[in-house]
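Below: the structure, in structure tokens.
Remember, predicted model here, so these are calculated numbers, not experimental data. Chain naming here is simple, since letters A, B, ... match the order of the sequence lines and numbering starts at 1 in each.
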Amino acid sequence: MSLLLTAAQTVGPFVSIGFEKAAVPDVAPAGVAGERVVIAGKIFDGDGQPVTDAVIETWQANSYGKYAHPDDAQEKLLEESFRGFGRVLADAQGGFRLATIKPGAVAGPDGKEQAPHITVVIFMRGLLKHLMTRIYFPDDAANVADAVLNLVPAARRSTLVATKAADGTLQWNVHLQGPKETVFFDY
Amino acid sequence: MSNVNPYRKSYFNTQPDYLYPAYRSTVKRAPMQPLVQMPQTLSEITGPLFTARDVTEADSDLTVQHAGEPLGERMIVSGRLLDEGGKPVPHALMEMWQANASGRYRHLVDSHDAPLDPNFTGFGRVVTDAQGNYRFKTIKPGAYPWRNHFNAWRPAHLHFSLFGQGFAQRLVTQMYFPGDPLLDFDPMYMSVPDDKARSRLVSSFDWENTLPEYAIAYRFDIILRGRDATPMEKKEQKK
């Protein structure tokens with residue numbers, strides 16, 4: 001039996017009506033273990049203009065590298081108060097800001113652990129279906145050997161790795177087009 | 001732990017492309033570089049799970065969220081959330097948003113000269129039951145103009161956002177109404193290349209769930225990505 005997958009359609013310009021109520025700008029409640037990080041950035045269109053009607057959703061493991069999901073069979077510590085889902089809406093300047101913890105490493109496709117990363121989907125007017133990407137962390141030694149990062153042409157890998165600003169904030173911008181176009185995945 | 005059971009890729013032409021110039025906003029927002037193909041890992045096959053505790057009763061009834069009843073044609077929209085294998089997707093969060101009966105959204109950037117309804121927000125959500133069933137009560141949204149091209153009108157529609165059980169199943173779509181003459185002129189609807197996949201975005205009139213002297217019902221089933229047979233099932237098929 002096979003049913004036809006429902007086609008994606010754009011969220012349109014009024015996406016905040018649907019997504020605002022369940023926004024999750026702070027992923028890790030107090031008491032959750034791990035290094036606290038703030039990831040901030042902007043989304044730019046092909047003209048370099050900020051996108052003000054986008055939504056970024058994130059999914060991540062806890063600091064022990066465990067997903068709050070029954071399909072994660074890794075024997076690692078689960079924290080009841082940590083779901084691992086984030087959702088932020090772009091502001092009037094196209095900026096977003098997500099507070100969370102740095103996830104631990106999780107099992108990867110080659111039997112080795114993946115470098116710590118956050119799974120990201122992006123919705124906006126003008127996207128008939130969402131974009132899928134990842135955020136990696138700056139100066140993490142595991143990035144070099146990460147199986148997924150190594151599928152990306154070397155010159156484009158940096159679009160997936162946040163950079164550390166002077167105030168400690170992790171900066172991660174999304175470029176939809178142009179020479180700095182962010183790597184988007186298909187899986 | 002290297003073997004995850006991945007979700008299937010969609011069939012050819014059943015999903016829109018990112019770049020679809022007839023929908024003008026795609027031109028500066030569609031990625032130009034090829035997507036990087038990657039295998040699904042634990043990070044993609046897992047995703048946030050929800051329970052009925054994440055929503056309230058009134059969340060799925062858009063006609064009771066204010067002091068008075070909203071204007072417009074009351075309707076019931078219900079259906080099932082299934083995967084491609086026909087398996088129900090239980091305990092999944094569905095978010096829905098829409099224009100009011102006049103075709104106006106409660107949003108700052110909606111400049112359409114049509115009245116707002118003080119009794120209508122246009123947002124609802126529900127968590128599917130153990131069989132993947134869902135049900136909303138709302139009012140039928142109006143069509144509205146947009147500036148994509150000369151005399152452009154969006155057919156009446158509901159926006160649906162679905163969380164399955166893994167991030168790879170995430171889907172946002174729109175539901176349309178049967179017999180709407182605007183559909184064939186709508187670039188968003190027409191962006192789905194396959195005729196059958198496109199027509200599945202149109203709900204059907206639902207006599208069984210129509211409430212006498214109260215509200216017309218529409219049925220809309222939503223299909224998320226399914227998985228290929230599990231290794232266990234494959235082995236059994238060989239026998």
Among the listed options B/Pro31, B/Ser191, B/Gly47, B/Pro16, the residue most often paired with chain A at heavy-atom distances under 4.5 Å: B/Gly47

Enumerate by number any residue of residues 80-101 of chain A whose heavy atoms lie under 4.5 Å from heavy atoms of chain B; in the absence of such residues, state 'none'. A/Arg83, A/Phe85, A/Arg87

In terms of heavy-atom pairs under 4.5 Å, which option from B/Asp54, B/Leu35, B/Val36, B/Ile222 contacts chain A the most? B/Val36

Is any side-chain heavy atom of B/Leu224 closer than 4.5 Å to a side-chain heavy atom of A/Thr6? no

Between B/Gln40, B/Arg170, B/His159, the one whose heavy-atom pairs under 4.5 Å with chain A are most numerous: B/Arg170

Inter-residue atom distance B/Leu42.CG - A/Lys66.NZ, 0.5 Å rounding: 8.0 Å

Select, from B/Phe163, B/Tyr20, B/Trp146, B/Tyr189, the one with the greatest count of heavy-atom pairs under 4.5 Å involving chain A. B/Phe163

Calculate, to the nearest 0.5 Å, the distance between atoms CG and NZ belonging to B/Asp59 and A/Lys21 respectively. 4.5 Å

Closest contact, heavy atoms only, A/Leu128 versus B/Tyr18: CD1-O, 4.4 Å

Region of B/Arg225 that comes under 4.5 Å of a non-hydrogen atom in chain A: both

For the NZ atom of B/Lys87 and the CG atom of A/Leu3, what is their distance to the nearest 0.5 Å? 12.5 Å

Is there a side-chain contact between A/Glu57 and B/Phe167, using heavy atoms and a 4.5 Å cut-off? yes

d(B/Met38 CE, A/Thr133 OG1) to nearest 0.5 Å is 9.5 Å

Check for a donor-acceptor pair, side chain of B/Glu95 on one end and backbone N or O of A/Phe19 on the other, with a separation under 3.5 Å. no

Interatomic distance, CG@A/Asp186 vs NZ@B/Lys9, rounded to 0.5 Å, equals 4.0 Å

Smallest separation among heavy atoms of A/Arg156 and B/Pro34, with atom names: NH1-O, 4.1 Å

Under the 3.5 angstrom rule, does the side chain of B/Glu44 hit a backbone N or O of A/Tyr187 as a donor-acceptor pair? no

Is it the backbone or the side chain of B/Arg125 that comes under 4.5 Å from a heavy atom of chain A, or both, or neither? side chain

Of B/Ser43, B/Ala168, B/Ala197, B/Pro39, the largest count of non-hydrogen pairs under 4.5 angstrom with chain A goes to B/Ser43

Check whether any side-chain heavy atom of B/Val172 lies under 4.5 Å from a side-chain heavy atom of A/His130, and answer yes or no. no

Sidechain-backbone polar pair: B/Gln33 side chain, A/Glu181 backbone, donor-acceptor under 3.5 Å: no

Below 4.5 Å from any heavy atom of chain B, which atoms of A/Phe185 appear? Answer side chain, backbone, both or neither. both

Taking CD in B/Gln37 as the centre, count heavy atoms belonging to other residues, nucleotides or ligands within less than 6.0 Å. Is the count above 12? yes

For A/Val183, is it the side chain, the backbone, both or neither that has a heavy atom under 4.5 Å from a heavy atom of chain B? side chain

Tightest non-hydrogen contact, residues A/Arg125 and B/Ser25, listed as NH1-OG, 2.8 Å

Rounded to the nearest 0.5 Å, the CD atom of A/Gln9 sits from the CG atom of B/Leu201 at a distance of 5.0 Å

Heavy-atom pair of closest approach, residues B/Val192 and A/Ala7: CG2-CB, 3.6 Å

Can you check whether B/Gln174 reaches A/Thr10 side chain to side chain, under 4.5 Å on heavy atoms? yes

Closest approach of B/Pro48 and A/Trp59, non-hydrogen atoms and distance? N-CZ3, 3.4 Å

Could you check which of B/Asp110, B/Leu93, B/Thr14, B/Thr121 has the highest count of heavy-atom pairs closer than 4.5 Å to chain A? B/Asp110

What closest approach, in Å, do A/Pro13 and B/His107 show between heavy atoms, and which atom pair accounts for it? O-NE2, 3.8 Å

Would you say B/Tyr23's side chain and A/Gly126's backbone share a donor-acceptor pair under 3.5 angstrom? yes

Answer yes or no: are there more than 12 heavy-atom neighbours, outside A/Asp139 itself, under 6.0 Å from its atom CG? no

Turns out that what part of A/Phe123 lies under 4.5 Å from chain B's heavy atoms comes down to side chain

Identify which part of A/Leu131 has an atom lying under 4.5 Å from any heavy atom of chain B, answering side chain, backbone, both or neither. both

Is a donor on one side and an acceptor on the other found under 3.5 Å between the side chain of A/Gln177 and the backbone of B/Val27? yes

If you tally heavy-atom pairs under 4.5 Å against chain B, which of A/Ile43, A/Val106, A/Val51, A/Val152 wins? A/Val51

Side-chain (A/His69) to main-chain (B/Gln165) donor-acceptor, under 3.5 angstrom: yes

Select one option (side chain, backbone, both, neither) describing which atoms of A/His117 are under 4.5 Å from chain B's heavy atoms. side chain

